[in-house]
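Notes for the one structure printed next.
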Amino acid sequence: MDLETVLGRHPRRPESLLQVLRDIHEVHNHIPPGMAEQVAEALNVPLARVRGVIGFYSFLSETPQGEYRLLFSDNITDRMLGNQDLMQALCGKLWLEQGKVSEDGLVSVDATSCTGMCDQGPALLANGRAITRLNHQRINEIAELVRNHVPVAEWPAEFFQVDDNIRLSGILLDCTHMAGQALEAALDRGKDGVISELNQSGLRGRGGAGFPTGRKWAACKDAQSDERYVVCNADEGEPGTFKDRVLLTRHADLLFEGMTVCGLAVGAKQGFLYLRGEYRYLLEPLEEILAKRRAAGLLGNCIRGHDGFDFDIAIHLGAGAYVCGEESALIESLEGKRGIPRNRPPFPVTHGYLQKPTVVNNVETFCAAALVTLRGGDWYKGLGTAQSAGTKLLSVSGDCARPGIYEYPFGVTVRQVLEDCGAAGTLAVQVGGPSGICIGSHEFDRKLAFEDLATAGAFMIFDDTRDMFEVAHNFTDFFAHESCGFCTPCRVGTSMLKSIMTKVAEGHGTRHELNEVECLDKVLQQSAHCGLGHTACNPTLDMLKRFRPAFERRLKSLDFEPAFDLDGALAPARAMTGRDDARAHLHNETS
Ligand code: SF4
């Protein structure tokens, strides 16, 4: 596919930059020499911006990545299922080192952040397509297919099977909504009626922060502007979260209906679904649903015959950057830029996409908003707790018999979830992913609700055979890898945290290192630019508080040990001067 064909698939404007680069990368497995210059000229953007975007997203590269790029999902749950052994086995069979391209340029193998398949891992991405349930037999087959140059599109279909694993359903997952029903209800209620029902329902954003949805929509509607936008955040990058994957597979119509209702309520004509790059395999099915909705008069101009009600939805693919889950970073990415979080205020409801008022909600929130529009705020408010209305989808993974998706009314206890999913001997649960909270067994009667344990949905279980230090170590690696590098405290702080944990893991740590984590946390809390930096120390501190022996038994000594061996570093100088007496050594300097 040549550049003109790629450009023909997207509006020829700067906002298309990331999408154009993604398409080129998909064809060539890298951005070939000279292509960045051509793209810059075609989209009328500076070359530096093109290079900046390529450098920012982990799925893009200007150096060849091999005909086959195999990226192992590296969440802690993948590790618990043996992904490290499998990756080493594959590297061995293909005669290559992790992170390097084979000498013949055929293949590369590396790790990537959680791919959202924790309920059916270990998983990897083969040229962007998810392969689940890896085992040694499957690894052997993959090595054989690569060696025989079989295109990924011709690999066995069962490799790519992704199950929904719905274990417990409620009002959302059981919903048998017919396309257009919620929209009809919205047209009957009118703009203000829709927002009033949302306010009445008590619906709060399901991304974790819990901002009231009705208030957000009203603020966008009331902002002074001639243009407004609706954005669905389907970039669920928090390790351990995969419930949006299931909603996008099973209930995409309901989601698009919720977005369209939002378009009606706030007066927007354009919506975007920001789909995480790891869910690339969902793009065509989602496009098909959008096409059907257009054909049925549920998207496009004069929706349902109503003059002036024009709304359509475009899908924008991410390219491997966790920070784009932050709403302002996501908007930057939608604009074809590096996904760096903006200064706030102003907030997206007044200055969002292209600086216009924009509603950003996640997949689950839009689905719930469609249900509220259909069945009314009072009905919805009757579920859950006083401060947390409705239900919550949980992505349950780790040490349990039945990992998958569970839908509960808010207020369910951690203990109940553990019972339902068949978890025995549970030591700890990480609620809300690495940026959430780790709780121990004495806290299992706590409730999942905004007023107690707020969560975007990840629920990772660790039984009493697990080493919680290893869990914290994996999470610190994740934050260091995903720090976007924009602000110094986070860029340096997350890599210092990673170094501290590595030092402890290698048996060189002392109590000094553990105390350093607290100091780093204070610096990051006070000076990091966005939530990633603010929460980077959370898992380590949580686990230190609850599972300190797991850390202390790895310490070399409880006293201070410098990270740098100054006396050892002076050995060449001693040799040059011919001195090796006691006074030439630092520890004897007072003798
Ligand atoms: Fe980027 Fe980290 Fe700064 Fe956020 S806190 S802007 S992720 S460097």
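Side chains are part of it too, since the values below use all heavy atoms of this structure and drop only hydrogens, waters and symmetry mates. In each ligand, atom 1 is the first atom listed, and ligand 1 is the first ligand listed.
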Is the terminal nitrogen or CZ of R548 (NZ for Lys, CZ for Arg) located under 6.0 angstrom from the six-membered ring centre of F551 and within 45° of that ring's axis?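 Not satisfied by the 6.0 Å and 45° rule.
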
Side-chain ion pair, [X] and [Y], N-O less than 4.0 Å:
X    : Y    : result
R554 : E470 : yes
R491 : E482 : no
R276 : E238 : no

Would you tell me whether S73 and N75 have side-chain atoms, one donor and one acceptor, within less than 3.5 Å of each other?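 No, no side-chain donor-acceptor contact under 3.5 Å.
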
Distance-only side-chain donor-acceptor flag, S333 / Y57, under 3.5 Å: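 Side-chain D/A pair, S333 to Y57: present.
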
Total protein N/O/S atoms whose distance from atom 1 (Fe) of ligand 1 is less than 2.8 Å: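 Step by step: take atom 1 (Fe) of ligand 1, keep protein N, O, S below 2.8 Å, and you get 1.
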
